[in-house]
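Below, chain A is the first sequence line, B the second, and so on; all start at residue 1. In what follows, every heavy atom counts, from backbone to side chain, and hydrogens, waters and symmetry copies are set aside.
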Amino acid sequence: MRYWLYKSEPATWSWDQQKEKGAAGEEWTGVRNYQARNFMREMSVGDRGFFYHSNEGKEIVGIVEVVKEAHPDSTADDAKWECVDIKAVMDVPKPVSLEQVKAEPKLKDMVLVNNSRLSVQPVTEAEFAYVCELAGVDPEKAMKG
DNA sequence: GCCAACGTTGGC
DNA sequence: GCCAACGTTGGC
């Protein structure tokens, strides 16, 4: 089991819209960055991740799970671009802001802080657990389902 | 709305 | 294969 973070501008694709898709989930389309695509290729069904609102909000608002591994992105002209399908698992009671993440010494190495332009990124198990605590989520539930 | 950081493109 | 020009992301 690995952990990830997905960024989305709420004006384009929000957490509410993600939740409306329910257990079937939805394709995480639109990634046009090789690093981000390569991370998606590494994902397995069941991997958990954070859903982050960029630009507006700038906070982690929910927990998602991979339901389908990497496959061609139907919105891309070029077959090289791929996406996974993810579903919403749970809200976080206390969204964790970028500001909070930056203020936490334990989270100083998060990609979110160090590479602000990467839209799909890995999160370590320790980081994931700690952010869960800040978010008011039981890490056991968030990490094991 | 600005701009820094970063990635990609394309001329040479 | 270098690197200048350009485009995009996303924090501020």
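Here the nucleotide nearest the side chain of A:Lys102, chosen from B:dC6, C:dG10, C:dC12, is C:dC12.
Straight-line distance from the CG atom of A:Asp78 to the P atom of B:dT8: 13 Å, rounded to whole Å. If you take CG of A:Asn115 and P of B:dA4, they are 18 Å apart, rounded to a whole angstrom. Here the P atom of nucleotide B:dG7 and the CG atom of A:Leu118 are 8 Å apart, to the nearest Å. Between A:Trp13 atom CH2 and C:dG10 atom P the separation is 17 Å, expressed in whole Å. A straight line from CD of A:Glu99 to P of C:dG10 spans 19 Å, rounded to a whole angstrom.
Here NZ of A:Lys58 is found 11.0 Å from OG of A:Ser116. Values are rounded to the nearest 0.5 Å. How far NE2 of A:His53 is from CH2 of A:Trp15: 8.5 Å, rounded to the nearest 0.5 Å. Separating the CH2 atom in A:Trp28 from the OH atom in A:Tyr6 is a distance of 8.0 Å, to the nearest 0.5 Å.
Residues A:Glu127 and A:Thr124 bring a donor and an acceptor atom of their side chains to less than 3.5 Å of each other. When only modelled atom types and interatomic distance are considered, A:Thr75 and A:Arg32 share a side-chain donor-acceptor pair under 3.5 Å.
Aromatic pair A:Trp13/A:Phe51: ring centres not closer than 6.0 Å. The aromatic ring centres of A:Tyr3 and A:Phe50 sit 6.0 Å or more apart.
An OP1 or OP2 oxygen of C:dG10 is reached within less than 4.0 angstrom by a side-chain nitrogen or oxygen of A:Lys7.
Nearest-nucleotide positions on DNA chain B for A:Lys80 and A:Arg117 put A:Arg117 closer to the 5' end.
The stretch residues 49-60 of chain A has no heavy atom under 4.0 Å from DNA chain B, so no residue of it qualifies as close. Of all the residues in residues 32-41 of chain A, A:Asn33, A:Tyr34, A:Gln35 reach under 4.0 Å from DNA chain B with at least one non-hydrogen atom.
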Please assess A:Trp81 against A:Tyr34 for the test ring-ring contact (aromatic ring centres under 6.0 Å, His included), listing each intermediate value before the final yes or no. CA-CA 8 Å; A:Trp81 299 118; A:Tyr34 288 105; 4.9 Å; yes

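More than 12 heavy atoms of other residues, nucleotides or ligands sit less than 6.0 Å from atom NZ of A:Lys19.
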